[in-house]
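Structure first, commentary second.
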Amino acid sequence: MAKTATKGARKPAAKGTPKAMAKPAAKASTKPAPKISAKPSAKATSKAATAGKAASRTKGKSAKKPALMISMLKPSVNNMTVRVFARAAGLDHAEADAWGSTRSPEFMARNPAHLTPMIEDKRLPRGVLWESCAIMQYLANKHGLEKFYPKAPAKRAMIDSAMFYLIGTLYPYVARATYPALGFPQYAGEVGHSDAHPDRKAEAQKAAIAAISEPLEVFHSFFRDGKPFIGGKNPSIADIRLAATLEFLAVIDYALPEWASDYMAAMEKKLGKAYADPASDVRGYIAHVKSQPRV
């Protein structure tokens, strides 16, 4: 522990020095003292002005709001998608946990679909945008992020096709297979949402689990086609959406094919903390759900 100096302590005088032996004062100089100007030099003024500007800039930076606000729910893979993308793209952003507030009058006034993730951007016609794929497309276009979303029409078409096939075919199967275990509400009109006997709901869930393998293989054989990622050497927005979707399958202990396990590991290695941090929220929620006693 560092020693603390005693406040107000004075240095003791030299021992045994008589007052009479004080050194006599020097003779008064006949030369007049130089005139001291009250006006600071131009150099000093310039330095002060520069320091003031720097301090002003520092203050402005600390008070600056992030360029992008994301309203999100941590346990959701849809939300994980945009959270990963924003980090991987290095976007200046902040996140607001919308848990329990998506049906509030304030949220509904801006987002009548009450969906997350949702971004706020003054340049948008209505100031907000939801749907994870649309958000990634918009941000990639806005910031010229061709690494994630190529401009070349043919390459872009393949990225779009992979995303639309995912949300239109693969994800509904994943949702029907995992939502019952996660405790998430099923979509209206489906067996899982109805008052059907538990055996029928279990059969529907089993059928959805069995259906996952076919579209999953399409991503391997068609969209990746021997490449590390759908985007080629680097992950695209379609890859981010696919990897996040596959995270949910852990809640039902789905046996992923070897290529899919390797693919997810490669995604996390390539994107680092940009992927790992949002993924840890989803994995943590899944671990919590699996630790609960089954009713």
Side-chain angles (χ1 to χ4, degrees), residues 70-84 97-105 107-108 110-118 129-136 162-219 238 240-257 260 264 278-295:
I70 305 173
S71 295
M72 54 81 199
L73 301 176
K74 289 184 177 181
S76 164
V77 297
N78 299 318
N79 289 261
M80 175 184 159
T81 298
V82 172
R83 297 178 70 202
V84 169
D97 195 334
W99 189 267
S101 65
T102 57
R103 294 275 186 173
S104 67
F107 196 94
M108 293 282 286
R110 293 179 298 160
N111 179 345
H114 53 81
L115 293 175
T116 60
M118 178 187 78
L129 181 68
W130 60 86
E131 293 294 347
S132 61
C133 294
I135 290 172
M136 291 192 294
M163 286 198 304
F164 299 156
Y165 182 64
L166 191 157
I167 61 177
T169 303
L170 176 61
Y171 189 74
Y173 292 152
V174 172
R176 291 168 189 152
T178 61
Y179 278 21
L182 291 163
F184 291 175
Q186 293 282 81
Y187 295 100
E190 294 188 347
V191 175
H193 183 74
S194 69
D195 293 328
H197 190 277
D199 289 347
R200 285 205 57 203
K201 291 184 179 182
E203 289 174 7
Q205 183 184 16
K206 186 176 179 181
I209 293 172
I212 289 172
S213 61
E214 182 178 306
L216 188 57
E217 176 58 27
V218 172
F219 283 97
I240 294 174
R241 188 68 182 84
L242 175 60
T245 298
L246 298 182
E247 289 283 348
F248 256 1
L249 291 175
V251 77
I252 56 171
D253 296 320
Y254 185 86
L256 286 170
M264 292 179 71
S280 68
D281 290 325
V282 171
R283 293 167 185 170
Y285 181 74
I286 289 174
H288 167 73
V289 168
K290 293 177 73 173
S291 70
Q292 302 303 302
R294 295 188 178 184
V295 180

**Asked** Roughly how far, to the nearest 0.5 Å, is the CD atom of Glu203 from the NZ atom of Lys206?
**Response** 8.5 Å
**Request:** With the side chain counted from C-beta on, respond yes when Cys133 and Arg241 share a heavy-atom pair under 4.5 Å apart, and no when they do not.
**Result:** yes
**Asked** Is there a side chain to side chain contact (heavy atoms under 4.5 Å, CB included) between Val282 and Lys74 once you walk through the steps?
**Response** CA-CA 7 Å; Val282 171; Lys74 289 184 177 181; over 6 Å; no
**Check: His288 main-chain N/O paired with Ser291 side-chain donor or acceptor under 3.5 Å** = yes
**Asked** Quick one: are Tyr171 and Leu242 in side-chain contact, heavy atoms under 4.5 Å?
**Response** no
**Minimum-distance pair of heavy atoms, taken over all atoms of Leu170 and Pro215** = CD1-CG, 3.9 Å
**Asked** Do Trp130 and Ser71 come close enough that some side-chain heavy atom pair is under 4.5 Å?
**Response** no
**Message:** Main chain of Ala196, side chain of Ser194: is a donor-acceptor contact present, judged purely on distance under 3.5 Å?
**Reply:** yes
**Request:** Using salt bridge (charged side-chain N to carboxylate O under 4.0 Å, His left out) as the criterion, point out the one residue from Lys201, Arg176, Arg200 that pairs with Glu190.
**Result:** Arg176
**Message:** Quick check: do Ile252 and Gln205 have side-chain heavy atoms less than 4.5 Å from each other?
**Reply:** yes
**Item:** Which atom of Ala177 lies closest to which atom of Ala208, heavy atoms considered
**Value:** N-CB, 4.0 Å
**Prompt:** Which heavy-atom pair separates Pro117 from Val82 by the least distance, and what is that distance?
**Reply:** CG-CG2, 3.6 Å
**Asked** Can you tell if the side chain of Met118 reaches within under 4.5 Å of the side chain of Thr102, non-hydrogen atoms only?
**Response** no
**Asked** Do Pro185 and Tyr179 touch side chain to side chain, with heavy atoms closer than 4.5 Å?
**Response** no
**Message:** Working to the nearest 0.5 angstrom, can you tell me the gap between Thr178 OG1 and Ile209 CD1?
**Reply:** 9.0 Å
**Message:** Any side-chain to backbone donor/acceptor pair from Thr81 onto Val77? Under 3.5 Å, distance only.
**Reply:** yes
**Message:** Show the nearest heavy-atom pair for residues Met264 and Leu256, with the distance to one decimal.
**Reply:** SD-CD1, 3.7 Å
**Message:** Minimum heavy-atom separation for Ala181 and Val289, please, with both atom names.
**Reply:** O-CG1, 3.1 Å
**Request:** Report the relative orientation of the aromatic rings in Tyr165 and Phe219; use parallel for angles under 30°, tilted for 30 to 60°, perpendicular for over 60°.
**Result:** tilted
**Glu214 CD: over 12 foreign heavy atoms closer than 6.0 Å** = no
**Derivation of the side chain to side chain contact (heavy atoms under 4.5 Å, CB included) call for Ser76 and Thr116** = CA-CA 9 Å; Ser76 164; Thr116 60; 5.6 Å; no
**Request:** Could you tell me whether a side-chain N or O of Asn111 sits under 3.5 Å from a main-chain N or O of Leu115, the two making a donor and an acceptor?
**Result:** yes
**Request:** Go through the steps for Met80 and Met72 under the test side chain to side chain contact (heavy atoms under 4.5 Å, CB included), then give the verdict.
**Result:** CA-CA 8 Å; Met80 175 184 159; Met72 54 81 199; over 6 Å; no
**Asked** Looking only at atom types and distance, does a side-chain atom of His193 sit under 3.5 Å from a main-chain N or O of Gln186, one as donor and one as acceptor?
**Response** yes
**Fill in**
Rounded to the nearest 0.5 Å, the CG atom of Asp97 sits from the CH2 atom of Trp99 at a distance of 8.5 Å
**Prompt:** If we only count heavy atoms from C-beta on, is the Leu246 to Phe248 side-chain gap below 4.5 Å?
**Reply:** no
**Item:** Check: Pro75 main-chain N/O paired with Asp281 side-chain donor or acceptor under 3.5 Å
**Value:** no
**Complete:** Residues Thr169 and Pro172: closest non-hydrogen pair is O-CD, 3.3 Å
**Request:** Give the intermediate values and the outcome of side chain to side chain contact (heavy atoms under 4.5 Å, CB included) for residues Leu249 and Ile212.
**Result:** CA-CA 10 Å; Leu249 291 175; Ile212 289 172; 3.7 Å; yes
**Request:** Tell me whether the guanidinium CZ or amine NZ of Arg283 lies under 6.0 angstrom from the six-membered ring centre of Tyr285 and within 45° of its axis.
**Result:** no
**Request:** Could you tell me whether the side chain of Pro112 reaches within less than 4.5 Å of the side chain of Phe107, counting heavy atoms only?
**Result:** no
**Request:** Go through the side-chain N and O atoms of Asn78 and Ser132 and say whether any donor and acceptor fall under 3.5 Å apart.
**Result:** no
